[in-house]
Amino acid sequence: MASFDPTPADLFTFGLWTVGNPGRDPFGGPTRPVIDPCDIVEGLAKVGAYGVNFHDDDLVRFGSSAAERDRIVRDFKKALDDHGIVVPMATTNLFGQPIFKDGAFSSSDPRVRAFALAKTMRAMDMGVELGAKTYVFWGGREGTDTDACRDPRTALGWMRECMDFLCEYAVDQGYDLKFALEAKPNEPRGDIYLATTGHMLHFITTLARPEMVGVNPEVAHETMSGLSFVHGVAQAMEQGKLFHIDLNGQKIGRYDQDLRFGSEDLKQAFLLVRLLEGTAGGERYTGPRHFDAHAYRTEDRAGVWEFARGCMRTYKILAERARAFDADPEVQAIVKERKDATCDSLLGGYSAEKVKGLKALELDVEAIGVEGLGYERLDQILTEHLMGAR
Ligand code: GCO
Ligand code: MN
Ligand code: MN
């Protein structure tokens, strides 16, 4: 049996805020001590991770002096070097401070938008200094509790203006940085603008530099909307826009749970890993596999590392199951591409000839309508592979 122990080659990453989560929730305080970022780096190396991501404030507390910031960055760099951990992604905390209570880039107050831009540019500088190549934007508070407060079209305009400004800033600085937009339907606001990956994909087409911007879809967020995460990710991949991904577990219809990857809806997790790994033949996703999740509040530090190992092992086991599923001859027979010389010649690009051919086409519509497709068998085979019975 293959080893499912993670190695840096698997490109597994965690945020400082994920394994560092002290177990606080809206109803109670922390249940475990805060871990120093340098100790997190050491712990991640021990469990076989590849990289660590952070929000500006995760690493350098807001309000720290310039000297303090430089010391923290120096120590963090040393920890990264000592343990062979890289920083593939960085992001800005634009939701924690009270000033962001009505949003950051979509706030009606120009002072807040200006502060959000300045905070983000400083955070980008620090991210790039530590090696980040992807910069994530999660608009945690970019939304409303009452839509009476502003016209959503105005808010979208401000968000576009800020994204365009920041793209120019990255270019102006000569940064080798791509942006990845992360959607979420609600929480902490009643409704968040650009609620799904699909909304984000369209918004990107309206930016001044769309080629610099892609998406960072998260399992939990799309599942909260009751949507197929696999379809959202596939749409992003098909457009070359999957710049990053947040993997975790989520029950449908709940608050944002950010559970251990694969701990809920194993079948969706299997189909997702199958898509990312390209075992069914499509292009493989080559970026970091980031776990935006945290351990149950019941856990101590040992439980946190158990949680991290669990995310990575589940991913690797699912990748192996996906390979076995797609190599299964019975599966291949059911999903093989259908051919029909006449119809194939009439499909594809438009021509007046094809219009004539299509209108003249005589098909046995009833016979085709009653053909069985074998998908019950296919799904049962999937279930059996997933359960390790094949
Ligand atoms: C959440 C989000 C965040 C973001 C992170 C990076 O629901 O809390 O998923 O974890 O991913 O802030 O931008
Ligand atoms: Mn989340
Ligand atoms: Mn996330």
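For Asp292 and Asn248, the side-chain atoms include no donor-acceptor pair closer than 3.5 Å. The closest side-chain donor-acceptor pair between Thr197 and Gln235, if any, does not fall under 3.5 angstrom. Arg260 and Thr314 share no side-chain donor-acceptor pair at under 3.5 Å.
Between the side chain of Glu182 and the backbone N or O of Gly139 there is no donor-acceptor pair closer than 3.5 Å. Remark: the backbone N or O of Asp5 is paired with a side-chain donor or acceptor of Lys316 at under 3.5 angstrom. Listed for the Ser107 side chain is no donor-acceptor partner under 3.5 Å among the backbone atoms of Ala104. Distance alone, capped at 3.5 Å, is enough to place a donor-acceptor pair between the Asp344 side chain and the Asp340 backbone. For Gln250 (side chain) and Thr223 (main-chain N/O), no donor-acceptor pair under 3.5 Å exists by modelled atom type. Here the side chain of Asp145 pairs no donor or acceptor atom with the backbone of Arg189 at under 3.5 angstrom.
Thr205 places a side-chain heavy atom less than 4.5 Å from the side chain of His202. Annotation: side chain of Leu378 is in contact with side chain of Val331 (closest heavy-atom distance under 4.5 Å). His221 is not listed as a side-chain neighbour of Asp246, based on a closest heavy-atom distance of 4.5 Å or more. The shortest distance between side-chain heavy atoms of Phe307 and Val19 falls below 4.5 Å. Leu266 places a side-chain heavy atom less than 4.5 Å from the side chain of Leu318. For the pair Met121 and Gln173, the minimum side-chain heavy-atom distance is 4.5 Å or more. At a threshold of 4.5 Å between non-hydrogen side-chain atoms, the residues Phe105 and Phe165 do not count as touching. Side-chain contact between Asn53 and Thr91: absent, with no pair of heavy atoms (C-beta onward) separated by less than 4.5 Å.
Asp70 has no carboxylate O lying under 4.0 Å from a charged side-chain N of Arg74, or vice versa, which leaves the two without a salt bridge. Between Asp265 and Lys251 there is no salt bridge, since none of the side-chain N atoms of the basic residue sits less than 4.0 Å from a carboxylate O of the acidic one. Between Arg69 and Asp56 there is no salt bridge, since none of the side-chain N atoms of the basic residue sits less than 4.0 Å from a carboxylate O of the acidic one. Contact check on Glu168 versus Arg209 returns a salt bridge, with a Lys/Arg side-chain nitrogen under 4.0 Å from an Asp/Glu carboxylate oxygen. Arg323 has no carboxylate O lying under 4.0 Å from a charged side-chain N of Glu320, or vice versa, which leaves the two without a salt bridge. The residues Glu330 and Arg390 are annotated as salt-bridged, a charged nitrogen and a carboxylate oxygen being separated by less than 4.0 angstrom. Salt bridge annotation for Lys78-Asp82: present, with a cationic side-chain nitrogen under 4.0 angstrom from a carboxylate oxygen.
The distance from the OG1 atom of Thr7 to the OH atom of Tyr50 is 11.5 Å, given to the nearest 0.5 Å. The CE atom of Met212 sits 11.0 Å away from atom NZ of Lys178, with the distance rounded to the nearest 0.5 Å. Between Ile252 atom CD1 and Ser225 atom OG the span is 9.0 Å, to the nearest 0.5 Å. Separation of atoms CD1 (Ile204) and CD (Glu211) is listed at 11.5 Å; rounding is to 0.5 Å. The CD1 atom of Ile85 sits 9.5 Å away from atom CZ of Phe76, with the distance rounded to the nearest 0.5 Å. For the atom pair CD1 of Ile72 and CG of Asp75, the computed distance is 8.0 Å after rounding to the nearest 0.5 Å.
Listed here is the closest heavy atom pair of Glu299 and Val304: CB-N, 4.3 Å. Across every non-hydrogen atom of Leu247 and Arg289, the tightest pair is CD1-CB, 3.9 Å. Closest non-hydrogen pair, Glu142 versus Ser106, comes out as OE1-OG, 2.6 Å. Nearest heavy-atom pair across Gly349 and Lys354 is O-NZ, 2.7 Å. Taking every heavy atom of both residues into account, Thr144 and Cys149 meet most closely at CG2-SG, 3.8 Å. Nearest approach of Phe54 to Gly127, heavy atoms of both residues: CZ-CA, 4.2 Å.
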Inset, instruction - Determine, step by step, whether Ile381 and Glu384 satisfy the side chain to side chain contact (heavy atoms under 4.5 Å, CB included) criterion, reporting the C-alpha distance in whole Å, the side-chain angles of both residues, the deciding distance to 0.1 Å, and the verdict. - result: CA-CA 5 Å; Ile381 299 173; Glu384 293 189 12; 5.7 Å; no

Legend entry - side chain to side chain donor-acceptor pair (under 3.5 Å) assessment of Gln380 paired with Glu376: CA-CA 6 Å; Gln380 180 62 25; Glu376 279 292 351; over 6 Å; no

Inset, instruction - Starting from the C-alpha separation in whole Å, work towards a yes-or-no answer on side chain to side chain contact (heavy atoms under 4.5 Å, CB included) for Arg160 and Leu207. - result: CA-CA 6 Å; Arg160 177 177 307 111; Leu207 298 176; 3.8 Å; yes

Inset, instruction - Begin with the C-alpha distance, continue with both residues' side-chain angles, and end with the deciding distance and a verdict on side chain to side chain contact (heavy atoms under 4.5 Å, CB included) for Ser228 and Leu271. - result: CA-CA 11 Å; Ser228 162; Leu271 290 166; over 6 Å; no

Legend entry - Intermediate values then yes/no, side chain to side chain contact (heavy atoms under 4.5 Å, CB included), Thr279 and Val273: CA-CA 9 Å; Thr279 61; Val273 171; over 6 Å; no

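The aromatic rings of Phe12 and Phe291 sit tilted, their planes meeting at an angle between 30° and 60°. Using cut-offs of 30° and 60° for the angle between ring planes, the Phe325 and Phe270 rings count as perpendicular. Aromatic ring pairs are classed by plane angle as parallel below 30°, tilted from 30° to 60° and perpendicular above 60°; the pair Phe95 and His55 is perpendicular.
Side-chain heavy atoms closer than 4.5 Å link hydrophobic residues (I, L, V, M, F, W, Y) into clusters, and following such links, possibly through other members, connects Tyr285 to Phe261. Both Tyr169 and Leu181 belong to a common hydrophobic cluster when Ile, Leu, Val, Met, Phe, Trp and Tyr are linked at side-chain heavy-atom distances under 4.5 angstrom. Under a hydrophobic-cluster definition in which Ile, Leu, Val, Met, Phe, Trp and Tyr are linked whenever side-chain heavy atoms come within less than 4.5 Å, directly or via other members, Tyr135 and Val87 are assigned to different clusters. Connection of Ile368 to Ile334 is not established within any shared hydrophobic cluster, with ILVMFWY side chains joined at heavy-atom distances below 4.5 Å, either directly or through further cluster members. A single hydrophobic cluster is seen to contain both Leu177 and Val171, as judged by linkage of ILVMFWY side chains at heavy-atom distances under 4.5 Å, directly or through other members.
Considering Asn93, Asp57, Thr92 in turn, Asp57 is the only one that fulfils the side chain to side chain donor-acceptor pair (under 3.5 Å) rule with Lys119.
Atom CZ of Arg284 has more than 12 heavy atoms from other residues, nucleotides or ligands within 6.0 Å. For Glu283, the CD atom counts as loosely surrounded, since its 6.0 Å shell holds 12 or fewer non-hydrogen atoms of other residues, nucleotides or ligands.
If you look at Phe100 and Phe115, their ring centroids are closer than 6.0 Å. Ring centers of Phe203 and Tyr193: at least 6.0 Å apart, outside the cut-off.
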